[in-house]
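Every value quoted in this text rests on a predicted model; they were computed, and no experiment measured them.
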Amino acid sequence: MQALLVLDNAPAHPPNLEDDILEEFKFIKVLYLPPNTTPILQPMVQQVISNFKKLYTKHLFRCCFEVTENTNLTLREYWKDHFNILVCLRMTDQAWLSVTTRTWTSTWKKL
């Protein structure tokens, strides 16, 4: 497994982060973007994020529908007692995996 963590030069991002990564996480490579690249990349990011948000909302509504249709829980009970960070992360994963190749291709063409 390999991962790439791309960071802009925001002051909150620690410099030389790759030096502080624990040995078990050495599969993560850190790439710092050059200064002033945000205006160039922003249109790309906006399209992907917009698509991701729509997909996440779709998964969230589907979950709410399934809860109200297939259980005796009210939506309020579900939110209070069953919706947690793990459920949220699973939906986030589903939404992210649902971003299509077409969206990514279209996004990269703008660059």
Side-chain angles (χ1 to χ4, degrees):
M1 174 169 61
Q2 290 189 8
L4 177 63
L5 175 61
V6 181
L7 299 171
D8 63 11
N9 62 342
H13 297 154
N16 303 319
L17 181 62
E18 61 276 1
D19 297 338
D20 297 331
I21 295 177
L22 297 175
E23 192 61 39
E24 63 192 281
F25 299 113
K26 288 294 185 184
F27 63 90
I28 301 172
K29 302 298 178 199
V30 180
L31 172 69
Y32 289 93
L33 295 174
N36 304 316
T37 54
T38 302
I40 297 167
L41 297 174
Q42 196 66 33
M44 183 189 93
V45 173
Q46 287 175 339
Q47 183 178 359
V48 172
I49 290 173
S50 173
N51 188 255
F52 166 77
K53 285 180 179 180
K54 289 175 188 172
L55 291 164
Y56 179 84
T57 303
K58 177 181 171 183
H59 289 292
L60 182 61
F61 283 149
R62 180 179 293 135
C63 179
C64 292
F65 177 76
E66 288 173 0
V67 165
T68 57
E69 286 293 311
N70 300 327
T71 70
N72 292 327
L73 295 171
T74 65
L75 202 48
R76 171 174 257 153
E77 290 168 333
Y78 174 72
W79 286 121
K80 183 179 175 203
D81 300 326
H82 300 279
F83 192 85
N84 55 43
I85 192 69
L86 182 59
V87 174
C88 180
L89 288 173
R90 285 184 178 144
M91 275 192 239
T92 300
D93 184 50
Q94 287 177 324
W96 187 249
L97 292 174
S98 299
V99 176
T100 64
T101 303
R102 183 177 179 185
T103 298
W104 286 105
T105 303
S106 166
T107 296
W108 282 104
K109 284 182 181 178
K110 289 183 180 182
L111 289 177

To the nearest 0.5 Å, atom SG of C88 lies from atom CG of D93 at 11.5 Å
Heavy atoms from other residues, nucleotides or ligands near CG of N36 exceed 12 (cutoff 6.0 Å) | no
Rounded distance (nearest 0.5 Å) linking atom CD of Q46 with atom CD1 of I49 = 8.0 Å
Can you name the nearest heavy-atom pair linking D8 to H13, along with the distance?
-> OD1-CE1, 2.9 Å
CE/M91 to CG/L86 distance, rounded to the nearest 0.5 angstrom?
-> 10.0 Å
C63 side, atom SG; Q94 side, atom CD - distance, nearest 0.5 Å | 9.0 Å
Hey, can you tell me if F83 and W79 have their rings parallel, tilted or perpendicular (30° and 60° cut-offs)?
-> perpendicular
How long is the span from the NZ atom in K80 to the CG atom in L73, to the nearest 0.5 Å?
-> 12.0 Å
May I ask whether W96 and I85 are part of the same hydrophobic cluster, defined by side-chain heavy atoms of I, L, V, M, F, W, Y residues being less than 4.5 angstrom apart, directly or through others?
-> no
Is there side-chain contact between T68 and Y78, with at least one heavy-atom pair below 4.5 Å?
-> no
Does the side chain of H59 reach to within under 4.5 Å of the side chain of S98, using non-hydrogen atoms?
-> yes
Close side-chain approach of N16 and E18, heavy atoms under 4.5 Å = yes
Evaluate whether atom CG of N84 has more than 12 neighbouring non-hydrogen atoms of other residues, nucleotides or ligands under 6.0 angstrom away.
-> yes
Linked, directly or transitively: L7 and F27 (ILVMFWY side chains, under 4.5 Å) = yes
Give the C-alpha distance, both sets of side-chain angles, the deciding distance and a yes or no for side-chain contact (heavy atoms from CB on, under 4.5 Å) between E66 and R62.
-> CA-CA 6 Å; E66 288 173 0; R62 180 179 293 135; 3.5 Å; yes
Does the side chain of V87 reach to within under 4.5 Å of the side chain of H82, using non-hydrogen atoms?
-> no
Look at the side-chain heavy atoms of Ile, Leu, Val, Met, Phe, Trp and Tyr, link any pair under 4.5 Å apart, and say whether W104 and F52 land in one connected group.
-> yes
When rounded to the nearest 0.5 Å, the distance separating CG of L60 from OG1 of T92 is 9.5 Å
Cluster overlap L5 with L22, hydrophobic side-chain contacts below 4.5 Å | yes
